[in-house]
Amino acid sequence: MLSFRRLTAFVLMALLWLGGCRLDMQVQPRLNPLAKSDFYPDQRSARSPVEGTVARGDLREDTYFYSGKIGNNPGDYMPFPVNQDVMLRGRERFNIYCAPCHSRLGDGNGTIAQRGFRRPPSFHIERLRKAPLGYFFDVMTNGFGAMPDYASQISARDRWSIVAYIRALQLSQNASSAEIPAGQKMPSAMPEQRSGLDSGATPPARAPSSKDKNTEQRK
Ligand code: HEC
């Protein structure tokens, strides 16, 4: 019978022996990245990818979805249908990524702006209310002035969801009583509307605009 000691020695020998014969892909002849090689006339070991090569996962055939533009101009439609899920996702992403500067209301009075960062314009000004949807997508994708871009933090689909939510925010601050669907009440007081914005459960209720007759009620 083998003693324990001899068995251990045998196992150790076997391991050493096996460890010594790894002549597989680990030691195959190869060139390190960017190493020099005499094989090609330009002495580079690596070849450039064939023109038009697309990295896996980077094929962006739907240019509108990834740029918000048609040719050089921002388009004004959503690249996918908007439903409740899209709006909820848009609100969540907006409150995470945009509200720190633009505020949850989109009036440009976010915490960071209050503490000295350049104050963004309100989303409720005439120019931005009329701006096409693709414009907002482009600002998020490429940045704008002092504002950094968010292309690496927010996926294209989420950026579009934020666009849809911004449009709803704009409507919430500028709707007229005529735009409230029949049978629905107009929210009468600001505090209720604010709590709707903060609670996270339901999209913000539409507030009456300053053009409305109800303005006096709120003051
Ligand atoms: C760090 C603060 C900050 C954050 C976060 C931020 N913005 Fe801005 N944004 C700004 C500032 C500042 C401006 C004005 C830039 C300027 O005029 O130089 C601006 C401008 C804009 C404009 C208006 C461009 C115009 O034509 O005037 C839009 C639209 C906009 N931001 C959308 C967004 C969206 C959507 C998000 C979230 C994904 C976001 N921003 C996040 C600071 C921010």
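Computed from heavy atoms alone, side chains included, the values below leave out hydrogens, waters and symmetry copies. Nothing fancy with the numbering, it's 1 onward along the sequence. Both ligands and their constituent atoms are indexed starting at 1 by order of listing.
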Which of the ligand 1 atoms, numbered from 1, are nearer than 4.0 Å to a heavy atom of [X]:
{"X": "Phe136", "answer": "29 (C)"}
{"X": "Tyr97", "answer": "5 (C), 37 (C), 41 (C)"}
{"X": "Gly145", "answer": "18 (O)"}
{"X": "Tyr135", "answer": "24 (C), 25 (C), 26 (O)"}

Any atom of ligand 1 sitting under 4.0 Å from a heavy atom of [X]?
{"X": "Phe123", "value": "yes"}
{"X": "Pro100", "value": "no"}
{"X": "Ile112", "value": "no"}
{"X": "Ile166", "value": "yes"}

Could you tell me the residue and atom name of the protein heavy atom closest to [atom], and the distance to it rounded to 0.1 Å?
{"atom": "atom 21 (C) of ligand 1", "result": "His102 CE1, 3.4 Å"}
{"atom": "atom 1 (C) of ligand 1", "result": "Cys101 SG, 2.7 Å"}
{"atom": "atom 27 (O) of ligand 1", "result": "Arg127 NH2, 2.8 Å"}
{"atom": "atom 5 (C) of ligand 1", "result": "Tyr150 OH, 2.8 Å"}
{"atom": "atom 11 (C) of ligand 1", "result": "Pro120 CB, 3.7 Å"}
{"atom": "atom 38 (C) of ligand 1", "result": "Cys98 SG, 2.7 Å"}
{"atom": "atom 18 (O) of ligand 1", "result": "Ala146 N, 2.9 Å"}
{"atom": "atom 14 (C) of ligand 1", "result": "Pro121 CD, 3.7 Å"}

Checklist line | Candidate with minimal heavy-atom separation from atom 33 (C) of ligand 1, of Arg118, Met140, Met147 | finding: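 Heavy atom nearest to atom 33 (C) of ligand 1 belongs to Met147.
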Check: Is the number of heavy atoms from other residues, nucleotides or ligands within 6.0 Å of CD (Gln43) greater than 12?
Finding: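 Yes.
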Checklist line | Side chains of Ser161 and Arg93, donor plus acceptor under 3.5 Å | finding: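 Arg93 and Ser161 do not have a side-chain donor-acceptor pair below 3.5 Å.
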Margin query: Under 4.0 Å, heavy-atom basis, I'd like to know which part of Val163 is in contact with ligand 1: side chain, backbone, both or neither.
Written below: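 Under 4.0 Å from ligand 1, Val163 contributes no heavy atoms.
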Margin query: Counting only heavy atoms closer than 4.0 Å, does ligand 1 sit against the backbone of Phe144, its side chain, both, or neither?
Written below: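 For Phe144, the contact with ligand 1 is made by both the backbone and the side chain.
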Notebook entry, point to check: How are the rings of Trp160 and Tyr64 set to each other: parallel, tilted or perpendicular (split at 30° and 60°)?
Noted result: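 Rings of Trp160 and Tyr64: tilted, as their planes differ by 30° to 60°.
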